[in-house]
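The structure under discussion appears below in the form of structure tokens.
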Amino acid sequence: MTSSGERPPKNFVQQVLGQWPLATVLLGVFAGLIVAAVGHWRSGSTLMGASIIVGGLLRLLPNRRVGLLAVRNKVLDTIVLLAVGVGIAVLAWAVPPMR
């Protein structure tokens, strides 16, 4: 810390590593897309929904920790992410399987 109590600026690596909540959600959604692309759409959609739900839970962390996952106010972000994640997961399991 400097004498005025301010933190020194972060270097590029620290800035990138500080985005781990968003990276976690994006990697989960990407993995879900891969699973869905190989023919397991229900599992892939469930993984995408679960990743977005995790994003909603991660949004509850303090604002300085969530990085680019913070878009609006914390309550609105959390509600939207949880609703979208649950909606995707429920739709994945509500669609009847093809016979």
**Prompt:** Going through the checks in order, is the side-chain contact (heavy atoms from CB on, under 4.5 Å) test met by L69 and L58?
**Reply:** CA-CA 8 Å; L69 200 56; L58 287 174; 3.9 Å; yes
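Closest approach of Q19 and V66 over heavy atoms only: OE1-O, 4.4 Å. Taking all atoms of both residues into account, the shortest heavy-atom contact from L81 to I52 is O-CG2, 3.2 Å. Residues R72 and R59 share a closest heavy-atom pair of O-NH2, 3.2 Å. Here the closest non-hydrogen pair linking R65 and P21 is O-CG, 3.5 Å.
By the rule that hydrophobic residues join a cluster once side-chain heavy atoms approach within less than 4.5 Å of another member, L61 and L22 end up as members of one cluster. Clustering ILVMFWY residues whenever any of their side-chain heavy atoms sit less than 4.5 angstrom apart, transitively, puts V29 in a cluster other than the one holding V35. L27 and I88 are not part of a single hydrophobic cluster, where members link through side-chain heavy atoms under 4.5 Å apart. Under a hydrophobic clustering in which Ile, Leu, Val, Met, Phe, Trp and Tyr are joined whenever their side-chain heavy atoms come within less than 4.5 Å, directly or via other members, W20 and V54 fall into the same cluster. Taking hydrophobic clusters as Ile, Leu, Val, Met, Phe, Trp and Tyr residues chained together by side-chain heavy-atom distances below 4.5 Å, L68 shares a cluster with L26.
Counting heavy-atom neighbours within 6.0 Å of R42 CZ, excluding the residue itself, gives a total above 12.
Here T46 contributes atom OG1 and I53 contributes atom CD1; the two are 9.5 Å apart, rounded to the nearest 0.5 Å. Taking CE of M48 as the start and CH2 of W41 as the end, the distance is 10.5 Å to the nearest 0.5 Å.
Here the side chains of L60 and T78 are in contact, with some heavy-atom distance below 4.5 Å.
The side-chain contact (heavy atoms from CB on, under 4.5 Å) search around V90 returns V86, not counting sequence neighbours.
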